[in-house]
Structure formats: C-alpha cells, structure tokens
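Written below as structure tokens is the structure these notes are about.
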Amino acid sequence: MLEQSSLKPVVWLDDRFYITINPNALYNLEVWQRDADAHEQRLGRMDYKFHRDTFAGFIYRLLPKIDLLQIHEIQKQLNPFFDLEV
C-alpha cells in the first residue's frame, strides 16, 4: 500500500472518493478511494498545475458518473491551492 501519512482529503467527490494535493510533488494531485473497511487505494495521479486542462478527462475516466458541472465546481475548489484563478 502507498504511504499517505502527510496527505489529507482536500475535496470529497462522494462518500468513497476524494482528492488530495501535495503542491511540491511531481504528481501533485491524487484521487483516492476509501472502502467500507477504511482501506485506501490510489486510483490515479496527475500534475494538476501544468495539465489542468486535461483534468476533466482525467476525472471522467476514473468516475464516469461525474458530469462537467461537478468537475467545474471541483476545479474551483482546487485552483486556490495552486494560486490559479478561481
């Protein structure tokens, strides 16, 4: 299992999936899944600061039930962590 001791959920996508951010890492955004037994698994990671234009496709591939309006709201919550426009 991957070590996640320093990362905390930043944005919950639903009751099982959430996003963490580590601005100093090469892949600074990670999507995690927590199951009923509190086991956590990383589903994907990306460099959000330089590839945020592909964020919608990245999230949609992981969680196809999320629509574009929800993705836009998620990005509005993430952008301040990277000093990007809201």
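- W32 is listed as a side-chain neighbour of T20, based on a closest heavy-atom distance under 4.5 Å.
- The heavy-atom pair separating I21 from V10 by the smallest distance is N-CG2, 3.8 Å.
- Atom CG of residue N28 and atom CG of residue D47 lie 4.5 Å apart, to the nearest 0.5 angstrom.
- Of all non-hydrogen atoms in K49 and R52, the two that sit nearest each other are O-NH1, 3.3 Å.
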Next item on the list: Could you please spell out the steps behind the side chain to side chain contact (heavy atoms under 4.5 Å, CB included) verdict for E40 and R34?
Entry: CA-CA 4 Å; E40 297 180 344; R34 180 179 290 166; 2.5 Å; yes
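- Side-chain polar atoms of Y18 and E30 form no donor-acceptor pair below 3.5 angstrom.
- Put simply, the side chain of E73 reaches to within 4.5 Å of the side chain of K76, judged on heavy atoms.
- The backbone N or O of H39 lies less than 3.5 Å from no partner atom in the side chain of D37, so there is not a single donor-acceptor pair.
- Here CD1 of I59 is found 9.0 Å from CD of Q75. Values are rounded to the nearest 0.5 Å.
- Put simply, the side chain of Q77 never gets that close to the backbone of I74: no donor and acceptor are under 3.5 Å apart.
- Under the 4.5 Å side-chain heavy-atom criterion for Ile, Leu, Val, Met, Phe, Trp and Tyr, Y27 and L78 are members of distinct hydrophobic clusters.
- In this structure, Y48 and F55 have perpendicular ring planes: the angle between them is above 60°, well past the 30° mark.
- In the hydrophobic cluster analysis, where Ile, Leu, Val, Met, Phe, Trp and Tyr join through side-chain heavy atoms closer than 4.5 angstrom, L68 is grouped together with V11.
- Hydrophobic clustering, with ILVMFWY side chains joined whenever heavy atoms are under 4.5 angstrom apart, groups M46 together with L62.
- For the pair F17 and D14, the tightest heavy-atom approach, listed with the atom from each and the gap, is N-OD1, 2.9 Å.
- Proximity of Y60 to I66: side-chain heavy atoms (C-beta onward) are nowhere separated by under 4.5 Å.
- Counting heavy atoms from C-beta on, the side chains of L29 and F58 come closer than 4.5 Å.
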